[in-house]
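Note that the structure is a prediction, hence the values are computed from the model and not measured.
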Amino acid sequence: MADSDSILYERPAENVARIVLNRAQARNAQDTALLYALNDAFDRAAGDDEVKVVILASTGPHFSAGHDLRETDAVANMDAHRPVGTWGGTHARAAEARYAREMEIYLGFCERWRALSKPTIAQVQGKCIAGGLMLVWPCDLVVASEDAEFLDNTVTMGAVGVEYFVHPWEMGARRAKEHLFTAEPIGAREALSLGMVNRVVPREELAEATLALASRIAQMPMLALKLTKEAVNNAQDAQGRVQSVRMAFALHQLTHSHNEQVFGLPVDPTVMNPDFVRPANKG
Ligand code: ZN
């Protein structure tokens with residue numbers, strides 16, 4: 001479980017809010033409580049008329065290691081929170097339950113955060129792995145430190161990318177395929193050349209550079225910022241982004257179901273552990 005300080009909410013400059021993942025001891029891995037706390041923080045920033053720009057940062061050497069695979073009772077932990085979506089069914093069985101959970105806290109949250117009307121900036125250092133990408137990609141801008149590394153290694157685990165499948169828009173279709181097929185990380189400089197991040201700065205200048213960018217944007221009229229963001233987001237959506245993401249989400253669910261049937265697990269363990277033997281009590 002994330003504790004109550006797992007998300008910090010700061011006001012580091014006029015008209016700027018900074019939301020900070022504060023689970024460095026767990027490399028900012030995301031469990032259910034942390035994701036809902038993060039969602040609450042985004043809502044707080046959205047609803048505060050004094051806030052015009054939102055930074056998403058994290059403490060420690062790494063931005064986020066992705067989903068917290070050590071979380072136990074993940075389904076029961078959903079009960080502590082009011083759902084933001086209307087899909088329901090987290091207490092259903094098998095694929096129905098997984099679809100519901102991932103629709104709510106992964107795809108649902110990502111689309112919700114992308115739709116936040118105010119400009120958002122991800123501030124990324126160190127490793128940003130799999131589910132970590134789903135915190136960065138919904139943001140409008142990305143400032144990365146020179147040591148930042150981005151990786152979706154889900155094909156290694158027999159899955160179709162992370163649940164928020166915007167890779168073709170983030171890095172182009174051909175690079176997205178290579179990245180997913182090989183599960184090799186993308187460094188900050190290459191991410192910059194791909195247009196996946198906006199700026200790369202030395203690690204020690206990351207917070208300052210991100211805040212300076214946020215403060216510059218915060219000088220602009222709020223309505224023009226909101227409507228400009230809306231215009232660019234809709235340009236992506238007019239290219240079929242929404243339908244493509246929903247399609248990939250369904251394919252992702254298919255891989256989970258396949259892996260459950262074959263291995264008794266939602267992921268394929270055989271790349272990491274070629275000697276894997278399916279437990280006799282599974283299925
Ligand atoms: Zn999944």
Side-chain angles (χ1 to χ4, degrees), residues 2 5-30 34-35 37-39 41-42 44-45 51-68 110 113-114 116 118-153 162 164 166-167 170-171 179 184-220 225 229:
D5 296 325
S6 65
I7 295 289
L8 307 178
Y9 187 92
E10 303 170 344
R11 290 291 306 277
E14 191 176 5
N15 300 133
V16 177
R18 183 166 56 206
I19 300 167
V20 184
L21 311 176
N22 189 34
R23 269 193 106 199
Q25 75 284 1
R27 303 203 329 164
N28 294 306
Q30 310 151 32
L34 181 119
L35 287 168
L38 176 57
N39 185 66
F42 274 127
R44 180 175 170 186
V51 171
K52 294 171 73 176
V53 181
V54 185
I55 295 170
L56 175 61
S58 70
T59 55
H62 301 293
F63 179 78
S64 176
H67 298 148
D68 191 346
C110 286
W113 301 336
R114 178 180 182 268
L116 196 154
K118 302 170 182 178
T120 53
I121 308 175
Q123 173 185 311
V124 183
Q125 80 283 7
K127 293 191 188 307
C128 176
I129 300 174
L133 297 167
M134 297 204 290
L135 305 184
V136 172
W137 286 345
C139 292
D140 299 311
L141 306 179
V142 183
V143 181
S145 61
E146 288 166 339
D147 69 337
E149 240 180 44
F150 303 86
L151 173 63
D152 184 339
N153 58 348
V162 293
Y164 180 64
V166 291
H167 312 60
E170 293 292 338
M171 59 186 84
H179 179 62
E184 291 171 354
I186 294 174
R189 289 285 165 200
E190 189 193 350
L192 182 67
S193 72
L194 291 168
M196 201 171 92
V197 311
N198 296 84
R199 297 180 183 190
V200 176
V201 299
R203 175 73 182 86
E204 59 274 16
E205 297 172 19
L206 178 63
E208 186 185 344
T210 308
L211 186 56
L213 178 61
S215 292
R216 175 172 176 78
I217 294 169
Q219 294 171 10
M220 305 298 175
L225 288 172
K229 171 169 179 169

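Of all heavy-atom pairs spanning Leu206 and Ala144, the tightest one is CD1-C, 3.8 Å. When every heavy atom of Val162 is checked against every heavy atom of Gly131, the shortest pair comes out as CG1-N, 4.0 Å. The heavy-atom pair separating Asp140 from Lys229 by the smallest distance is OD2-NZ, 2.8 Å. A pairwise comparison of heavy atoms in Gly126 and Asp147 identifies N-OD1, 3.4 Å as the closest pair. Nearest approach of Ile55 to Ala214, heavy atoms of both residues: CD1-CB, 3.8 Å. Shortest non-hydrogen contact noted between Ile217 and Pro119 is CG2-CG, 4.1 Å.
When side chains are defined from C-beta on, Val136 counts as touching Phe63, because their heavy atoms get closer than 4.5 Å. Side-chain contact between Leu56 and Leu135: present, with at least one pair of heavy atoms (C-beta onward) separated by less than 4.5 Å. For the pair Val53 and Asn15, the minimum side-chain heavy-atom distance is 4.5 Å or more. Looking only at side-chain heavy atoms (C-beta outward), Leu194 and Glu170 stay at 4.5 Å or farther from each other. Taking 4.5 Å as the limit, some side-chain heavy atom of Cys128 sits within range of a side-chain heavy atom of Leu133. Counting heavy atoms from C-beta outward, Arg114 and Val166 have side chains that stay 4.5 Å or more apart. Within the 4.5 Å cutoff, no side-chain heavy atoms of Ile129 are placed close to those of Glu149.
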For this session: Evaluate the criterion side-chain contact (heavy atoms from CB on, under 4.5 Å) for residue pair Leu213 and Leu141; output intermediate values, then yes/no.
Result: CA-CA 10 Å; Leu213 178 61; Leu141 306 179; 4.0 Å; yes
For this session: Take His179 and Leu151 through the test side-chain contact (heavy atoms from CB on, under 4.5 Å) and record every step on the way to the result.
Result: CA-CA 8 Å; His179 179 62; Leu151 173 63; 3.9 Å; yes
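Each salt bridge (charged side-chain N to carboxylate O under 4.0 Å, His left out) pair with one or both residues in residues 195-214, not counting sequence neighbours, would appear here, but there are none. Within the structure, salt bridge (charged side-chain N to carboxylate O under 4.0 Å, His left out) contacts touching residues 185-194 (residues at least two apart or in different chains) are Glu146-Arg189, Arg175-Glu190.
Between the side chain of Lys52 and the backbone N or O of Met220 there is at least one donor-acceptor pair closer than 3.5 Å. Checked by atom type and distance alone, the side chain of His62 pairs as donor or acceptor with a backbone atom of Lys127 at under 3.5 Å. Gln123 contributes no side-chain N or O that, together with a main-chain N or O of Val20, makes up a donor-acceptor pair within less than 3.5 Å. Without hydrogens or angle criteria, Thr59 side chain to Leu21 main chain gives a donor-acceptor distance under 3.5 Å. Asn28 places a side-chain N or O within donor-acceptor distance of the main-chain N or O of Arg23, the cut-off being under 3.5 Å.
Among residues two or more places apart in sequence or in another chain, the ring-ring contact (aromatic ring centres under 6.0 Å, His included) test is passed with Trp137 by His167.
Between atom CG of residue Leu38 and atom CH2 of residue Trp113 there is a gap of 4.0 Å, rounded to the nearest 0.5 Å. Asp68 contributes atom CG, which lies 11.5 Å from atom CZ of Arg27 (distance to the nearest 0.5 angstrom). Atoms SG and CG, on Cys110 and Asn39 in that order, are 10.5 Å from each other to the nearest 0.5 Å. Atom OG of Ser6 and atom CD of Gln25 lie 9.0 Å apart (nearest 0.5 Å). Tyr9 contributes atom OH, which lies 5.0 Å from atom CZ of Arg44 (distance to the nearest 0.5 angstrom).
Atom NZ of Lys118 is surrounded by more than 12 heavy atoms from other residues, nucleotides or ligands within 6.0 Å. Around atom CD of Glu14, no more than 12 heavy atoms belonging to other residues, nucleotides or ligands sit under 6.0 Å away.
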